[in-house]
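For reference, the structure discussed in these notes is given below.
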Amino acid sequence: MHLVCSECTVVAAADRLFCDDCGGLLAFELNLAPQSERLREVFAGRRASNDPLDQSGVWRFRELLPPFDPANVVTLRENVLPLYHARIGAEYADAANVTYLHLGMNPTASFKDAGMTVAITHAKARGARIAVCASTGNTAASMAAYAARAGIAALVLVPAGGVSDAKMAQTLDYGAVVAAIDGDFDRALELVRGLDPTRVAIVNSVNPYRIEGQKCAAFALLEARDWEAPEWLVLPGGNLGNASAFGKGFREARALGLIDRIPRIAVVQASGAAPFARLFRDGGELVPVHAQTAATAIKIGAPASWRKALAEVRASNGTVLDVSDDAIAEARAVIGRDGVGCEPASAASLAGLCALRDDGTIAAEADVVLVLTGHVLKDGAYAAAYHASNAHYANAIRSAPTDAALRTLIEEASVMVGGAHV
Ligand SMILES: *Cc1c(COP(=O)(O)O)cnc(C)c1O
Ligand SMILES: [Zn+2]
C-alpha cells in the first residue's frame, strides 16, 4: 500500500499531506489480488472476538488499511453500524426499498470517528504531540476524543457561534483547546492548511488516513448485506471527504472480488452551500461560494475533496444535487418518525431521495441506502425550534396543568402516533 497524488499520480512520501509537484490531495493505493473468499471469512471471524481491534468496524478490515503496530492503534470501537429499515421515510419518498445506514451510532455520534481512529493512530505512531483541525463541530468532537485516548494535545479552529451546544460540549469535555475564529469553516480550514504538517498532525479529511478509515463504512455496509451491493447510496456532501471514501471503499471491494457491482452514489448538498452540485451540472472547475444553511455540518463553500468526489461519483455513474433547507428540515422530522432520528445535515439524504424519485432518476423499486451521518442529539436547538414551529411534522409540547386536562390528553394521544391522528 503506498501514497500517491490523486491528481498527477506521482508517488508521495508517507508524512506529506499534499503533492509536492502539483499541490493535489494524496490517496493510498491498495495493491491486492482478488481474494474474496479468504477475506470474507477473516472479517466475519473477528466479529466473535474480544480483541479491541477486532471489535472496531475499522480495524476489523485491517488487511485493507495502511499497516500499523497494534500497540499504537487508538480505537473507541468505531464504525459498528446498524442498518435500519426505513418505513415512514420510504413512504415519504414514494420508494419501496429504503434502508438507513446510521453512522451517527459511533462513539462520538458522527461518522468522523471511522476516519479519526486511523488519523490519530498515525499521529501517535509518528510521535506527533498535537493534533489540529478546522471544524463545524463533529470533526472537533471526534478529534478531541481520540487525541485524549492517545495522550496527544488537541487544538480545534471553529467558526465563532457556528457550532451546536452538544458538539461544543463534547469537544470541551474531551479536553481540546477550542479557538473560535472570526470567519466560517472555509476560513478555518485555510488557516489549518497553512500550518506545517511536519510539526502538527492535521486531521481534516484532506488527511488520506482519514479517508482510509471512512472507506470502512462501505465495507461494513456491504458485509451487513452479505456482500450484496445496493443500487444507490445517497449521502450528504460538505467537504466531500465522505463521498470520496465511500467511492474508494466500493471500488476496492469490487477489485477484491467482494462485490460484483458498485452502488451508484448520489451526493446531496444544501442549496445555500452547493458548489459541487453546480459544478456537476455546469462542468468546469469548482467555484467556491459563501455557504449559508442551517445544516451546519455541510455549511462548506469550498469543499477540499471535490476532485476526488467527482471522480468517485462519475466512476459509480452517480449524481449530485441540492435541496432546500425546508426540505432538509421536513426530511429530518420524518426520519425521526421512524424512531431513528439524525442531525440536520444527515437528512439531506432523504430530501435528496425525494428529489431523485420525483425526477425519475431513482426507480420506485430501487434498493436504496440512505447514509445518516450524525446523531439526532447533535443539534437539540434545531429540533426544538422545528417542533415549536407551524411546520407540517411539528410536534408541539402540550400543556397538562390539571388532572382533567391530562385525562383528555390521554384520550387524544391514544389515537395518535408521532403527534398525528392515525
Ligand atoms: C462532516 C459531516 C458531513 C459532511 O461530510 P463531508 O465528508 O465533509 O462531505 C455531513 N454530515 C455530518 C453530520 C457531518 O458531521
Ligand atoms: Zn500531484
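Counting begins at 1 with the first residue of the sequence. Indexing begins at 1, ligand by ligand and atom by atom, following the structure's order.
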Identify whether the distance between the nearest side-chain nitrogen and carboxylate oxygen of Arg261 and Glu231 falls below 4.0 Å. no
N-O pairing of Lys248 and Glu252 below 4.0 Å: yes
Can you tell which of Thr139, Asn242, Leu103 gets a heavy atom nearest to atom 7 (O) of ligand 1? Asn242
Atom 6 (P) of ligand 1: which of Leu240, Thr373, Ile298 has the nearest heavy atom? Leu240
Proximal ligand 1 atoms for [X], defined as those under 4.0 Å from one of its heavy atoms:
| X | answer |
| --- | --- |
| Gly237 | 9 (O) |
| Gly374 | 13 (C) |
| Asn239 | 6 (P), 8 (O), 9 (O) |
| Glu343 | 13 (C) |
| Gly241 | 6 (P), 7 (O), 9 (O) |

Minimum-distance protein heavy atom relative to atom 5 (O) of ligand 1: Phe111 CZ, 3.4 Å
Report the part of Ala345 (side chain from C-beta onward, or backbone N, CA, C, O) that has a heavy atom under 4.0 Å from ligand 1; answer both or neither where that applies. side chain
Under a 4.0 Å heavy-atom limit, does Lys112 contact ligand 1 with its side chain, its backbone, both, or neither? side chain
Could you check whether any side-chain N or O of Glu343 sits under 3.5 Å from a backbone N or O of Gly374, counting only pairs where one atom can act as donor and the other as acceptor? no
Taking Ser56 for its side chain and Trp59 for its backbone only, find out whether a donor-acceptor pair lies under 3.5 Å. yes
SG (Cys22) to the Zn ion (ligand 2) to SG (Cys8): angle, nearest 10 degrees? 120°
Check Leu103, Thr117, Val118 against Glu78 for a side-chain contact (heavy atoms from CB on, under 4.5 Å) and give me the one that passes. Thr117
Where does the angle between the aromatic ring planes of Phe43 and Trp227 fall among parallel (under 30°), tilted (30 to 60°) and perpendicular (over 60°)? tilted
Once you measure the plane-to-plane angle for Phe68 and Tyr209, does it fall in the parallel (<30°), tilted (30-60°) or perpendicular (>60°) bin? tilted
Looking just at side-chain N and O atoms, do Tyr100 and Asp338 make a donor-acceptor pair shorter than 3.5 Å? yes
